[in-house]
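Structure first, then comments.
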Amino acid sequence: MNMMENKVNTIAIVGLSWGDEGKGKFVDFLAQKSDIVVRYNGGNNAGHTINADGVKYKFKLIPSGAPLEKEVIIGNGCVVDPKVLIEEIESLRKLNKKINLKLSSTAHIIFPFHKVLDGLEEISKGEYKAGTTKRGIGPTYSDKASRWGIRVYDLIHPEILKPKLKKLFHLKRELIRIYDPNWNNSFDEIFKEYKTYGEILKPFVIDTAFYLNKAIDSGKKVVFEGAQGSLLCLDHGMYPYGTSSNANVLGISAGTGIPPKKINKTLGIIKAYTSRVGEGKFPTELFNDMAHKIREQGHEYGTVTGRPRRVGWLDLFNIKYGIIINGIDKIVITLLDALQGINPLKMCTGYELDGNLLESWPIHHEIIEKCTPIYKEFKGWEEKSSDEWSKIAKLGYDAIPNTMKIYVQAIKDELQTDIAMLSIGPNRNDTIVLDENLF
Ligand code: GDP
Ligand code: IMO
Ligand code: MG
């Protein structure tokens, strides 16, 4: 056997649901064995939480390799609010963290008018609104696609920024005034503010595609950090109730310049239940006391907006779709501890429409809302303190409750996909590794 064939130098982390699956925790976990961590999609709509060495980090833009002082790259597929990025750099500096950040010169910039339009467009969409984070994500990607966009390269060259921004500003002002005739932001102020951001960020800016390809070719180990989740993907999610980028493995090549053949392995992260922030049909959604219990036990409040997350039973039917779309090699199950004390547990294994079992996840919102989820029931496990869960994690798989073993085995059987790790607490070490040779 050729040993080189089995060597895994690059691994992609993707969420297989509607986001917040625990990607940040596992990017940080795998960063322990990596040289570089790269973000390839989204902007500060993402909120990735890492609990390590007694510190709780909440990143919106900076890749989750930062606590370990790894090299971190924001790829061209991301949209960047420079103010937020500078704040994150500052907060890491306050913690005396060494910052080794590279920012793609071709990532697109979020301006204040994008955020205003995000809010206004949501209002006019009415029932079709996604319940966005109002961070200007959609309007910035729209400008990118229509070739109005302003990129990091422009930001750090004021002589390029000024005329481009002037044209864009005037266009956006007219648009905003359709909704809000009193909007009166000043071009001069925005230009001055963003010129300063450009000066601050200039030292971090490079051609990341060339740099990263060279790094991979020289044997560096790289983790690709997905933001959002497969069901929020612009092309393969529940449109229009999702985000504006390719929130799955398919976004990596476009969002970094790394060709697909250099992505060695793809790891899908799922929660032991499902959560969703924002609008759109959620077939396994729970309400009232049960939802409240899971929300509290899993601390299900949005990292970016603080909104209570909607919660429901694990939906393996839409995850099966994500496994196909992403070519998932192995999965990680998080937040198993957060289902403690719930009995019985339910797991959705398929959808029924007009008395027929569907073969694949129906994608269209209009069909999904007519479907009925099919469930299997499982015995739950008892409540424990977080210290007890941490101790169990140290002891390993044999120490988890038997009922949890049955639940985990059922996920593996339904998905016909191996499980790489289990997570039974928020801390880096509250992790049970089932595949030591993953990366
Ligand atoms: P991401 O967007 O996919 O990175 O996920 P978030 O960070 O937005 O949300 C996941 C939340 O669950 C964070 O608060 C994590 O600290 C927390 N978390 C991750 N894994 C576990 C786990 O196994 N148990 C518990 N209790 N919390 C977890
Ligand atoms: P992470 O990376 C959960 C949701 C919003 C909204 C829709 C569109 O932490 O998993 P946008 O602001 O992107 O235009 O909003 O997508 N959304 C997320 N939900 N986790 C996220 O990121 C999300 N990023 C966007 O709630 O429904
Ligand atoms: Mg999140």
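We count ligands from 1, going down the list as the structure has it; atoms in each ligand are counted the same way.
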* Min N/O separation Gly138 to ligand 2 under 3.5 Å -> no
* **Polar contact flag for His48 and ligand 2 (N/O pairs, less than 3.5 Å)** => yes
* Report yes if Lys23 has an N/O atom closer than 3.5 Å to an N/O atom of ligand 2; otherwise report no. => yes
* So is there a nitrogen or oxygen of Gly425 less than 3.5 Å from a nitrogen or oxygen in ligand 1? -> yes
* Structure fact -> Looking only at protein heavy atoms, what sits closest to atom 4 (O) of ligand 1 is Gly24 N, 2.8 Å
* **Minimum-distance protein heavy atom relative to atom 13 (O) of ligand 2** => Thr243 OG1, 2.6 Å
* To do: With heavy atoms of Thr303 as the reference, note each atom of ligand 1 found under 4.0 Å away.
  => 8 (O)
* Answer yes or no for Gly47: is there an N/O/S atom below the 2.8 Å cut-off from the Mg ion (ligand 3)? => yes
* Structure fact -> Closest to atom 15 (O) of ligand 2 among protein heavy atoms sits Thr132 CA, 3.3 Å
* Answer yes or no: does an N/O atom from Arg307 fall short of 3.5 Å to an N/O atom of ligand 2? => yes
* Structure fact -> Atoms of ligand 1 under 4.0 Å from any heavy atom of His48, numbered from 1 in the order shown, are 1 (P), 2 (O), 4 (O), 7 (O)
* **Steps toward ring pair (Phe, Tyr, Trp, His ring centres under 6.0 Å) verdict (Tyr141, His108)** => CA-CA 8 Å; Tyr141 278 116; His108 280 248; 8.0 Å; no
* Ala291 backbone acceptor or donor facing Arg310 side chain under 3.5 Å -> no
* Structure fact -> Only one of Asp118, Val84, Val80, Ile137 passes side-chain contact (heavy atoms from CB on, under 4.5 Å) with Ile110, and that residue is Ile137
* Thr334, any N or O under 3.5 Å of ligand 1 N or O -> no
* Asked: Any idea which part of Lys25 is under 4.0 Å from ligand 1, heavy-atom wise: side chain, backbone, both or neither?
  -> side chain
* Within-cut-off N or O pair, Lys23 and ligand 1, under 3.5 Å -> yes
* To do: Would you give the length of the straight line joining atom OG of Ser275 to atom CG of Leu314, rounded to the nearest 0.5 angstrom?
  => 11.0 Å
* Atom indices of ligand 1 within 4.0 angstrom of Gly22 heavy atoms, with elements -> 1 (P), 3 (O), 4 (O), 5 (O)
* Nearest-contact summary for atom 10 (C) of ligand 1 - protein heavy atom, Å -> Asp20 O, 3.8 Å
* Structure fact -> min-distance protein heavy atom vs atom 12 (O) of ligand 2 -> Thr133 OG1, 2.6 Å
* Numbering the atoms of ligand 1 from 1, which are under 4.0 Å from a heavy atom of Gly47? -> 1 (P), 2 (O), 4 (O), 6 (P), 7 (O), 8 (O)
* Please state which protein non-hydrogen atom is closest to atom 24 (N) of ligand 1 and give its distance, to 0.1 Å? -> Asp337 OD1, 2.8 Å
* Taking atom CG of Leu168 and atom CG of Leu161, what is their separation to the nearest 0.5 Å? -> 10.0 Å
* With atom 18 (C) of ligand 2 as the reference point, say which of Asn41, Leu232, Val79, Val277 has the nearest heavy atom. => Leu232
* For atom 15 (C) of ligand 1, which protein heavy atom lies nearest, and how many Å away is it? -> Thr49 CB, 4.1 Å
* Structure fact -> Counting from 1 in the order shown, the ligand 1 atoms closer than 4.0 Å to a non-hydrogen atom of Arg309 are 8 (O), 9 (O)
* Nearest 0.5 Å please: distance from the OG atom of Ser244 over to the CD atom of Gln228. => 9.0 Å
* What do you reckon, does Gly15 put a non-hydrogen atom under 4.0 Å from ligand 2? -> no
* To do: Supply the atom-to-atom distance Lys394 NZ to Trp389 CH2, rounded to the nearest 0.5 angstrom.
  => 15.0 Å
* Can you tell me which residue and heavy atom of the protein come closest to atom 27 (N) of ligand 1, and the distance to 0.1 Å? -> Leu335 CD2, 3.4 Å
* How long is the span from the CG atom in Leu232 to the CG atom in Asn41, to the nearest 0.5 Å? -> 10.0 Å
* Asked: What's the shortest distance from atom 25 (C) of ligand 2 to any protein heavy atom, and which residue and atom give it?
  -> Gln228 CG, 3.7 Å
* May I ask you to identify the nearest protein heavy atom to atom 16 (O) of ligand 1, giving residue, atom name and distance to one decimal place in Å? => Asn51 ND2, 3.2 Å
* Shortest non-hydrogen contact between Trp313 and Leu286, atoms and distance -> NE1-CD2, 3.5 Å
* Asked: Of the backbone atoms (N, CA, C, O) and the side-chain heavy atoms from C-beta on, which set of Ile424 has a member under 4.0 Å from an atom of ligand 1: side chain, backbone, both, or neither?
  -> backbone
* **Heavy-atom nearest option to atom 5 (C) of ligand 2, drawn from Gly131, Gly278, Gly43** => Gly131
* Are Trp18 and Phe282 near enough that their ring centres are under 6.0 Å apart? -> yes
* Can you name the N/O/S atom of Asp20 that is nearest the Mg ion (ligand 3)? -> OD1
* Asked: So which heavy atom in the protein is nearest atom 17 (C) of ligand 1, and how far is it from that ligand atom?
  -> Pro426 CB, 4.3 Å
* To do: Answer yes or no: does an N/O atom from Gly47 fall short of 3.5 Å to an N/O atom of ligand 2?
  => yes
* Does NZ or CZ of Lys405 fall inside the cone over Tyr397's six-membered ring, less than 6.0 Å from its centre and within 45° of the axis? -> yes
* Identify, for atom 8 (C) of ligand 2, the protein heavy atom at the shortest distance, and state residue, atom and that distance. => Gly242 O, 3.1 Å
* For atom 23 (O) of ligand 1, closest protein heavy-atom neighbour -> Ser423 OG, 2.5 Å
* Asked: Looking at Asn326, Leu316, Leu231, which hits side-chain contact (heavy atoms from CB on, under 4.5 Å) with Leu16?
  -> Asn326
